[in-house]
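Heavy-atom basis, side chains included; hydrogens, waters and symmetry copies ignored. Chain A is the first sequence line, chain B the second, and so forth, proteins listed ahead of strands; every chain is numbered from 1.
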Amino acid sequence: MNYVEVAVDAPIGPNKTLTYSTSEKLRVVTGQMVWVPLGQRLVQGIVFSLVDEPKLRSIRSVVSVIDPAPLISMRGLCLARWMSRHYQCSLFESISVMLPPGFRSNIDAYLEPLVENTPTSSLTKTAQAILQYIRVQGSVKEKTIKKTWGYVADNSVSRLISEGFVRRNWTIPHTRSSPSYRVSIIPKFPDKGVKAVAYLSSIGAFKQAALLKDLLLRPRDATLEEARRKYSTSVIDGLLGKDLLIQKWERVVSTSKSAVILPDQPLELTSEQQSVVDHIRTKLGSYDKRPRTILIHGITGSGKTEVYLRALDDCIRLGLRAIFLVPEIALTPQTMERINMRFPNQVALIHSGMSMKNQLDQWWGIRRGEFNVVVGPRSALFSPMPKLGLVIIDEEHEWTYKEQERQPRYHVREVAVELARMVNICVVMGSATPDIVTYFEALKGKHKLFNLPYRVGVRSNTNSTVPGILSLPKVDIADMRQELMAGNRSIFSRALSTGLKKCISKGEQAILFLNRRGSASVVQCRDCGMVLRCKRCAVTLTYHKLRGLLCHQCNLGYKSVTVCPECESPRIKYLGQGTQKVEEEIKSLLPWVSVSRWDSDSVVESGGHAAIMESFARGESQILVGTQVVSKGLHLPNVSLVGVILADIGLHLPDFRAGERTFQLLCQVSGRAGRGDIPGNVIIQTYNPKNYAVLAGANQDYRAIFETEIEYRRQQGNPPFSGLVHLTYSHFNEDVCKEEAQNFNKELRKLIEGDANRRISVIGPAPAHVYRIRGKYRWHIILRGDDIVNLIERMKIPRGWSIDVDPVSVL
DNA sequence: AGCACGCCGACT
DNA sequence: GTCGGCGTGCTC
Ligand SMILES: [Zn+2]
Ligand SMILES: [Zn+2]
């Protein structure tokens with residue numbers, strides 16, 4: 001008997017595995033996925049290790065192996081261990097991000113009737129009805145019972161099982177193997193086909209004769225799958241056994257356009273770029289020289305992408321492979337295109353927008369080592385790339401790199417840095433506005449820091465270095481308080497409206513940026529001021545052109561209203577998205593100008609982000625109003641004015657990263673102006689013109705924001721000076737929710753008081769920023785200090801609490 | 001997470 | 001007395 005340690009799909013504590021026994025013939029190996037019994041059900045599990053002696057007496061055995069191929073490499077298993085402890089999730093949860101797309105599933109239990117003649121009089125009416133139903137049907141999904149009888153069935157079903165009327169059973173679904181191969185069956189001797197058919201008929205193999213005849217008459221090869229639909233496996237096997245058929249295995253070529261890619265030429269490097277590339281080269285594949293993590297702080301247009309491409313090239317030349325992470329695929333088509341052009345037919349792309357089949361093909365292709373580079377969002381870090389040597393994280397500061405919704409709530413930067421500590425890979429992070437934490441770490445020597453302070457000549461082969469200061473756009477701050485005092489109630493300051501007029505009259509283009517948070521559409525009553533809210537969540541509903549009234553938290557759709565539910569007034573006002581309002585204002589200011597919008601509605605209408613960007617780049621409209629920052633890499637030489645409608649949105653949120661976030665946004669927006677031959681102008685409208693984040697953003701002064709922000713963080717003990725853990729409790733009952741939060745808070749404080757060195761402080765409990773989601777009330781507690789995980793491990797967390805370690809925001 | 005078990009008020 | 005609603009604890 002062999003024993004294995006399995007990470008099962010159940011929320012048992014972090015880093016816990018359960019022991020199962022296996023027989024020799026199952027041939028269970030590490031990294032495989034298996035079905036194992038757990039209590040009264042069957043769950044998926046990943047084999048973590050093989051052990052000789054079990055620690056327990058009561059051990060059950062592995063039911064079956066789901067895929068003979070080990071799905072998780074040693075690297076993955078080690079990383080999962082670390083993630084499980086660091087993010088306080090189950091081992092299986094941390095494994096779940098590494099599985100082939102769509103692999104995680106649960107199995108349906110069926111109820112089967114047992115002995116017929118037992119008297120049923122001891123049963124309740126519901127139980128009798130359910131039993132009757134199961135006996136008639138023969139075998140019924142347990143889910144079906146629960147659906148038709150509701151949760152009243154719960155007791156009855158367990159009663160039926162315990163008293164031996166029915167039993168649970170499972171049918172294990174067929175193994176999903178690599179989908180990239182198509183097996184066709186073709187007659188081996190087509191010219192002697194007629195003879196063969198006659199022979200088969202003569203020996204009584206009529207089905208086999210029919211199949212062979214079918215195949216001979218077909219114009220094209222039949223796939224095994226097609227044949228299986230009409231004939232049983234034994235018929236097909238019979239013909240194969242008689243050597244009348246041959247199987248042909250074909251690689252399925254991905255149907256995505258395999259356009260001819262014109263390889264592009266590497267650009268000449270500046271000395272600054274060259275030194276970064278040289279440094280990375282020394283780290284690639286090296287074991288000893290730490291740190292193997294690198295931060296490139298390079299202003300917009302300083303040529304970070306070219307550095308990445310050179311690093312990729314060096315990596316591939318060494319026979320190693322790379323993962324290139326981008327914040328959002330849809331917003332960075334140019335980056336993808338450049339990588340593709342430099343490394344034709346070597347790049348895999350994987351993201352959730354692709355079809356499941358496509359994703360699976362890419363996953364298995366990556367695993368077989370068919371690609372040298374994987375490009376993707378945060379989840380791409382976990383793609384099964386063999387011989388990994390390099391991970392690049394572009395726009396390192398972006399929040400999309402942190403998973404916030406479900407466990408594992410990981411930050412891909414943290415995981416990549418940990419990976420570089422575990423194995424000999426090199427991590428290159430780059431940003432014009434590095435995360436305060438990353439930059440601080442780099443200054444402390446945790447990462448090797450490089451600065452690229454100059455813009456390189458955009459798209460020019462001379463590649464001349466011009467000091468960044470000279471080509472930086474002129475930035476003006478418009479004080480909206482003064483505008484109000486001067487009687488200007490328009491959303492445009494005088495500076496911005498004259499700027500727009502001037503820009504347009506010269507035939508140039510302008511971009512107006514609006515923070516998405518302030519741009520949501522609302523539905524309001526003109527008489528009583530009522531705003532429509534979701535009945536399950538404490539948020540206002542938004543109105544989408546395509547999907548109508550919608551709750552942003554729970555995705556619930558609503559019918560549009562014509563009468564106010566509060567005062568029955570019919571005067572209902574549909575305030576469009578903020579971008580629409582801005583568009584209207586432009587129309588009244590400059591009626592003849594063509595304006596295009598870039599927001600959630602217009603993305604749907606005009607066919608995607610890329611379509612909007614390209615249309616504007618071609619000059620089809622003169623002003624672009626958007627909630628998106630135009631992606632990097634898109635050349636917009638004609639844009640001479642960029643306006644930020646209101647910089648303050650989000651600035652006063654009760655979140656310690658609010659200032660940093662505002663700065664990043666302003667920097668990114670201003671970075672769009674003045675990249676062509678026309679000197680650019682940026683106008684930032686604000687009610688807080690003296691705010692440090694607004695000022696630093698306006699001046700694109702990273703040093704200023706870093707120094708101010710790091711001092712705040714030091715004073716308040718926020719990251720990077722201590723860790724944070726965000727605990728949220730949610731419950732349908734408001735009082736229960738509050739009570740539990742207060743109880744747990746007491747427990748936490750008691751435990752901390754008892755500690756010798758009380759290095760952890762408890763903040764809260766307090767109602768969460770969004771007080772109710774999907775009908776559940778929410779209270780939260782923030783823990784601040786060092787080694788909080790250690791504290792959490794020492795106490796049992798009651799169910800209903802969700803844990804976010806190193807949260808990106810504590811709203 | 002699911003599932004069982006056990007306790008308690010409501011109703012035959 | 002049973003029924004079923006809900007809190008609690010365990011799963012190799
Ligand atoms: Zn009203
Ligand atoms: Zn909602």
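Atom CG of A:L111 is separated from atom C1' of B:dC3 by 13 Å (rounded to the nearest Å). Rounded to a whole Å, the NZ atom of A:K141 is 15 Å from the P atom of B:dG2. Spacing between atom NZ of A:K143 and atom C1' of B:dG2 amounts to 12 Å, rounded to whole angstrom units. Regarding A:I161, its CD1 atom lies at a distance of 10 Å from the C1' atom of B:dA4, rounded to whole Å. If you take CD of A:Q44 and C1' of B:dA1, they are 14 Å apart, rounded to a whole angstrom. Distance CZ (A:R159) to P (C:dC3): 6 Å, rounded to an integer number of Å. Per the geometry, CG belonging to A:N733 stands 17 Å off P belonging to C:dG5, to the nearest Å.
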Under the criterion salt bridge (Lys or Arg N to Asp or Glu O under 4.0 Å), I'd like the reasoning laid out for A:R661 against A:D655: C-alpha separation, chi angles, the key distance, then a yes or no. CA-CA 10 Å; A:R661 180 96 187 106; A:D655 189 281; over 6 Å; no
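Here the two rings, on A:Y777 and A:Y771, have centers that are under 6.0 Å apart. Ring pair A:Y401/A:Y410: centre-to-centre distance not below 6.0 Å.
Counting only residues at least two apart or on different chains, the ring pair (Phe, Tyr, Trp, His ring centres under 6.0 Å) pairs with a member in residues 742-768 of chain A are A:F744-A:W801. Here salt bridge (charged side-chain N to carboxylate O under 4.0 Å, His left out) pairs that include residues 4-20 of chain A, with residues two or more places apart or in two chains, are A:D9-A:R104.
Between A:E793 and A:R85, at least one side-chain nitrogen of the basic residue sits less than 4.0 Å from a carboxylate oxygen of the acidic one, meeting the salt-bridge criterion. The existence of a salt bridge linking A:E418 and A:R421 is confirmed by a sub-4.0 Å separation between a basic side-chain nitrogen and an acidic carboxylate oxygen.
Other residues, nucleotides and ligands place more than 12 heavy atoms under 6.0 Å from the NZ atom of A:K402.
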Reading nucleotides 7-12 of chain C from 5' to 3' and marking B where a protein heavy atom lies under 4.0 Å of the base, S where only the sugar-phosphate is that close, and - otherwise, the string is -BBBBB
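Here the side chain of A:Q362 pairs a donor or acceptor atom with the backbone of A:L349 at under 3.5 angstrom.
Here A:R168 lies in heavy-atom contact (under 4.0 Å) with sugar-phosphate atoms only.
Separating the CG atom in A:L724 from the CZ atom in A:F656 is a distance of 5.0 Å, to the nearest 0.5 Å.
Remark: nothing in residues 78-87 of chain A comes within less than 4.0 Å of DNA chain C through any heavy atom.
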What does the list of N/O pairs under 3.5 Å between the protein and nucleotides 7-11 of chain B look like, with a distance for each?
none

Under 3.5 Å, which donor-acceptor pairs do the side chains of residues 47-65 of chain A form with other protein atoms, sequence neighbours left out?
unit_1	atom_1	unit_2	atom_2	d
A:R60	NH1	A:G39	O	3.0

